[in-house]
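Each remark here refers to the structure printed beneath this line.
Hydrogens, waters and symmetry mates are skipped; everything else that's a heavy atom, side chains included, is used.
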Amino acid sequence: MATEPETPVAALAAEPAVPSLVDRYFTRWYKADVKGKPCEDHCILQHSNRICVITLAGSHPVLQSGKAIKSISYQISTNCSRLQNKVSGKFKRGAQFLTELAPLCKIYCSDGEEYTIYSCVRGRLMEVNENILHKPSILQEKPSTEGYIAVVLPKFEESKSITEGLLTQKQYEEVMVKRINATTATS
Amino acid sequence: MDNLSQNGEGKTSIIEDGSIASKNSNLNVCNVCLGILQNFCEKEFIKKVCQKVEASGFEFTNLVLSISFPPQLSVREHAAWLLVKQEMGKQSLSLGRNDIVQLKEAYKWIIHPLFSEELGVPIDGKSLFEVSVVFAHPETVEDCHFLRVICPDCFKPAKNKKSVFTRMAVMKALNKIKEEDFCKQFPCPPNSPKAVCSVVEIECAHGAVFVAGRYNKYSRNLPQTPWIIDGERKLDSSVEELISDHLLTVFKAESFNFSSSGREDVDVRTLGNGRPFAIELVNPHRVHFTSQEIKELQQKINNSSNKIQVRDLQLVTREAIGHMKEGEEEKTKTYSALIWTNKAIQRKDIEFLDDIKDLKIDQKTPLRVLHRRPLAVRTRIIHSMETHYVDEHHFRLYLKTQAGTYIKEFVHGDFGRTKPNICSLMDVTADILELDVESVDVDWPPALDD
């Protein structure tokens, strides 16, 4: 939102210069090759109020062209479905507690590949995105907004430390460059 | 029985530590009233108390006198009554508890007119100005302890390390305890104390007064309440401070509590008639103002800042606050939003929004407040909308909505967690650049002619 009411409307055009909702309120953090799986990169959007939205990074295999999603499931084990997560009250009691490598969902693709998406941050699970269950294409069309995976609330004391194991935007871009160089070198 | 009606000639004076007590050791201190009726009914004592009241700087036209006796006095009074009842019984006369004048009542009969005369104002039980006088008698504090042995359930563990023998608890136990048990534990008549009671506290306090009005907010950089994180102020001032600081000074109040009929974000302006607010001024020393003086106060506030303006400033009662909070939940609000779209749009692309009436939307708790609000889905109604085309990527949207609707989230969709939203309705990516509150449809406080 403009903080100066005098900013002329004409100056705000449709170029990428307009900060998006994510740009305005969130910091992007990344985890590359999650659980050792190559290129399975996650992007964590951390709001200024410490809430984290777990999304897929643009480099994730699921978001590459040609990939079609067959279905998504939040049943991560026989006894645990992220859909059963129930949160109540201001202090969010009853939420499933997540560690960095806690699985959030499984994505099944038409080419037979199966991908697990992980939390990457410690905290209470607020919700998983049910919209992508009904329409998986949203995940690929709008991975940073409507196609989010889950919302996690870290503990207040840990709100700064949770990003210690994660990459900044700049560091992530460097990792991407290295990856491309490595691929071109071997090809 | 002799001690019960003894009248002594005590002298009251202020000792170094400020407590008022008797220095006359020749006096036989009454074993029931502990010297209160003997020493603390004199003009000299009243004068000393009134001096303190006058020095406290409160403005008042009446007052309520709150007298606090040491709890053990109730025990002695109880003993005296049992004794008198017994004596009456011997003469075949019955005596109810209410046939005896309570010590406190008698004391008030004596001193109320004296206070009233000295201060020049009437004593009125409904007065907001309270003078409280607290008596204590450390020597006999243990008089009450036997009650805890006999009626332990009357004495619940005290909070804050204060004594568990409060007057209420002692009265409860005295009502419960059987006459025989009482007389076994406590001497009837009570034994004579060595020292007289002393006054340990004289305090003045004024009940809160309420000022209401409506405020406009013209800044996009002003929070409602002070924004302080880890002791560091993040933004200069706040709506409540800009209004209340002046009131605090003029009313000479200790502190304030600001509330309003809803509130807006830091970056949102409040236009139109403004938003109703009410400020509770705690322990005000000055409370009488003419409507002219209040008008001048309003002018003063308005002259001191261009970020906010107030109107309809007036004194109101505590009950009136209910009207304001009712507005928060029930009444409609109108807004105007400047919206940006990623896709180029033409006038015809937004016209359909003008025809949508009473649109139901489901809003999950927005992510930006989810850290301090419960996770829930709220259904709200967008009553009507009006669009004004600006250019290919911008238009203004005027909306009239149910109270409690999150407008920003209705525009950008909040990750699809508000459905439907402007993005889904128009099939674009939209964001909100500016938001203004155009009106808060609550007709309180009453509008004043300025």
- Using non-hydrogen atoms only, which part of A:K90 is less than 4.5 Å away from chain B: side chain, backbone, both, or neither? both

- Using modelled atom types only, decide if a donor and an acceptor are shared between the side chain of B:N216 and the backbone of B:L271 within a distance under 3.5 Å. yes

- Item | Distance-only side-chain donor-acceptor flag, B:E241 / B:S238, under 3.5 Å | yes

- Item | Heavy-atom pair count under 4.5 Å with chain A, highest-scoring of B:R372, B:E392, B:K343 | B:R372

- Of the backbone (N, CA, C, O) and the side chain (C-beta and beyond), which part of A:L21 lies under 4.5 Å from a heavy atom of chain B, both, or neither? both

- Between A:R50 and A:E158, is the closest basic N to carboxylate O distance under 4.0 Å? no

- Polar contact flag, side-chain donor to acceptor under 3.5 angstrom, A:H42-A:E40: no

- Query: When only pairs under 4.5 Å are counted, which of A:I51, A:V151, A:N49 shares the most heavy-atom pairs with chain B?
  - Reply: A:N49

- Message: With a 4.5 angstrom heavy-atom cut-off, is it the side chain or the backbone of A:S20 that approaches chain B, or both, or neither?
- Response: backbone

- Can you tell me if A:H60 and A:D41 form a side-chain donor-acceptor pair at under 3.5 Å? no

- Task: Test ring pair (Phe, Tyr, Trp, His ring centres under 6.0 Å) on A:F91 and A:F156 and set out the steps.
- Result: CA-CA 11 Å; A:F91 298 100; A:F156 183 76; over 10 Å; no

- For chain B, which residues of residues 62-83 of chain A have at least one non-hydrogen atom nearer than 4.5 Å to it? none

- Message: Quick check on A:K31: does its NZ atom have over 12 non-hydrogen neighbours (other residues, nucleotides or ligands) under 6.0 Å away?
- Response: yes

- Item | Enclosure of A:K178 NZ (heavy-atom neighbours >12, cutoff 6.0 Å) | no

- Message: Quick check on B:R368 against chain A: is it the side chain, the backbone, both or neither that has a heavy atom closer than 4.5 Å?
- Response: both

- Under 4.5 Å heavy-atom distance to chain B, tell me which part of A:L45 shows up: side chain, backbone, both or neither. side chain

- Message: Is B:K419 in contact with chain A via its backbone, its side chain, both, or neither, using a 4.5 Å heavy-atom distance?
- Response: side chain

- Item | Region of A:N131 that comes under 4.5 Å of a non-hydrogen atom in chain B | side chain

- Query: Quick one: which of B:I382, B:T405, B:D441 gives a side chain to side chain contact (heavy atoms under 4.5 Å, CB included) with B:K400?
  - Reply: B:D441

- Checking B:T365 against chain A: side chain, backbone, both or neither under 4.5 Å from a heavy atom? neither

- Query: Any side-chain heavy-atom pair from A:E113 and A:P61 closer than 4.5 angstrom?
  - Reply: no

- Note on the structure: If one checks every heavy atom of A:S88 against chain B at 4.5 Å, the contacting part turns out to be neither

- Item | Which atoms of B:V369 approach chain A - backbone, side chain, both or neither, heavy atom under 4.5 Å | backbone

- Message: Heavy-atom count check: over 12 atoms from other residues, nucleotides or ligands less than 6.0 Å from B:K360 NZ?
- Response: no

- Query: Just checking, any donor-acceptor pair under 3.5 angstrom between side chains of B:Y215 and B:E240?
  - Reply: no

